[in-house]
Amino acid sequence: MPRPLKASIHLSAIRHNLALARRYAPASRVLAVIKANGYGHGMLRAALALRDADALAVLSLDEAATLRAAGVSKSIVLLEGLFNAADIPAVVENRVACVVHRPDQVEWLCHAVVDQPVAVWLKINSGMNRLGFPPAVVAAIVARLRQSAAVGHLLLMTHLATADESRGVAWQLDVFRQATAAFVAPTSLANSAALLRYPQTHADWVRPGIMLYGVSPFAEESAVQIGLRPAMTLHSEVIAVQRVSTGESVGYGEGCRVTRPTRVGIVACGYADGYPRHAPSGTPILVNGARTGLLGRVSMDMLAVDLTDLPAAAVGSPVVLWGEGLPVEDVARAAGTIGYELLCALAPRVPIADVE
Ligand SMILES: *Cc1c(COP(=O)(O)O)cnc(C)c1O
């Protein structure tokens, strides 16, 4: 018997979530974001499940080459663009579009001799202050790129910092519109939060990531309320049961002394599998389909759950760490992080099973 911990990836959920993105933004094309190993789901698996997307976004040329080698033929965009002028031949060979966000990337492209022009997503910093050109220089950069024989299709993009928060998008939308008003070029602004909440950001291309994996980008609105289906279920089993008397502790340290006679289930899942070590006692966990809570510190390979109120639970009982029946957002909230981080942190040692 293999260790019972597995991540099941529900391919039909990914397809459903993409279809939902299209219903929200029916006039836009979809650049599906599959960076960070498809948010932990497996980049290639995500790419294949997202075959109805118009294009795919990754970070590295290696990822793009892996997609091409696997037969993916649609457009691929490198979200941080070129890291080195020497990568241009591979960019051309793999027909990869590049975000261009800093002056040396412009110069590398403008000096390149290529047989196929490179499509460019020109990134404008509209207020997030992470990547992109300030609005004041956009006209000069567009002119420079348009003169270059190495640059093909040109698109203008920005990234929104507070689409999931009360500050919203208007403050950045105004900056972006002013910076791009003079140009005839397609545009792209929306991440998942903007796609779901702000139709005025949809433009020519939307760029959903987290929603495709069935996770809400909002703190106060759940995936179920939005109509999303979780794509990853991390599940395991109870591998041991202990009876612990009042005042005794569970696991490493003495932090968790139980205050009643407690039945403790030991679950095959630990921080080396990607479960957050800083999750506190009480973090929700499903055993036999019923919600109970984590007890004590998460170990490398195991964690403990309270089975006192689940008398039928025993060795072999199924456990869901997150996914179907237990939103990863709920686990993330208890652990002081976001669902994005938990999904991306799934460890390579966890076997993944495709489920239709
Ligand atoms: C990661 C990323 C996205 C997707 O964001 P989500 O919040 O996961 O939808 C979109 N655009 C850019 C530039 C990104 O880096």
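First listed ligand is number 1; within each ligand, the first listed atom is number 1.
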Seminar exercise, completed: So for His159 against ligand 1, with non-hydrogen atoms under 4.0 Å, the contacting part is side chain

Seminar exercise, completed: Counting heavy atoms under 4.0 Å, the part of Ile210 that contacts ligand 1 is both

Exercise. When you check the gap from the basic side-chain N to the acidic O, do Arg144 and Glu107 get nearer than 4.0 Å?
Worked result: yes

Exercise. Side chains of Ser60 and Asp62: is there a donor and an acceptor less than 3.5 Å apart?
Worked result: no

Exercise. Does one side chain, of Thr162 or Trp171, offer a donor that lies under 3.5 Å from an acceptor on the other?
Worked result: yes

Exercise. So, is Arg130 polar-close to ligand 1, with some N/O to N/O distance under 3.5 Å?
Worked result: no

Exercise. In terms of residue, atom name and distance, what is the protein heavy atom nearest to atom 7 (O) of ligand 1?
Worked result: Tyr340 OH, 2.6 Å

For this session: Assign the ring pair Trp322 / Tyr275 to parallel, tilted or perpendicular, where the plane angle (0 to 90°) is split at 30° and 60°.
Result: parallel

For this session: Would you mind listing which atoms of ligand 1 come within a distance below 4.0 Å of any non-hydrogen atom of Lys35?
Result: 1 (C), 2 (C), 3 (C), 14 (C), 15 (O)

Seminar exercise, completed: shortest atom 9 (O) of ligand 1-to-protein heavy-atom contact is with Ser192 OG, 2.5 Å

Exercise. Is there a side-chain contact between Val331 and Thr283 (heavy atoms, below 4.5 Å)?
Worked result: yes

Exercise. Under 3.5 Å, N or O to N or O, is Leu79 touching ligand 1 that way?
Worked result: no

Seminar exercise, completed: In this structure, atom 11 (N) of ligand 1 is nearest to the protein heavy atom Arg207 NE, 2.9 Å

Exercise. Using 4.0 Å as the upper bound for N to carboxylate O, is an ion pair formed by Lys74 and Asp52?
Worked result: no

Seminar exercise, completed: The atoms of ligand 1 lying under 4.0 Å from a heavy atom of Tyr39, numbered in the order shown, are 1 (C), 4 (C), 5 (O), 6 (P), 8 (O)

Exercise. Any side-chain heavy-atom pair from Val120 and Arg146 closer than 4.5 angstrom?
Worked result: no

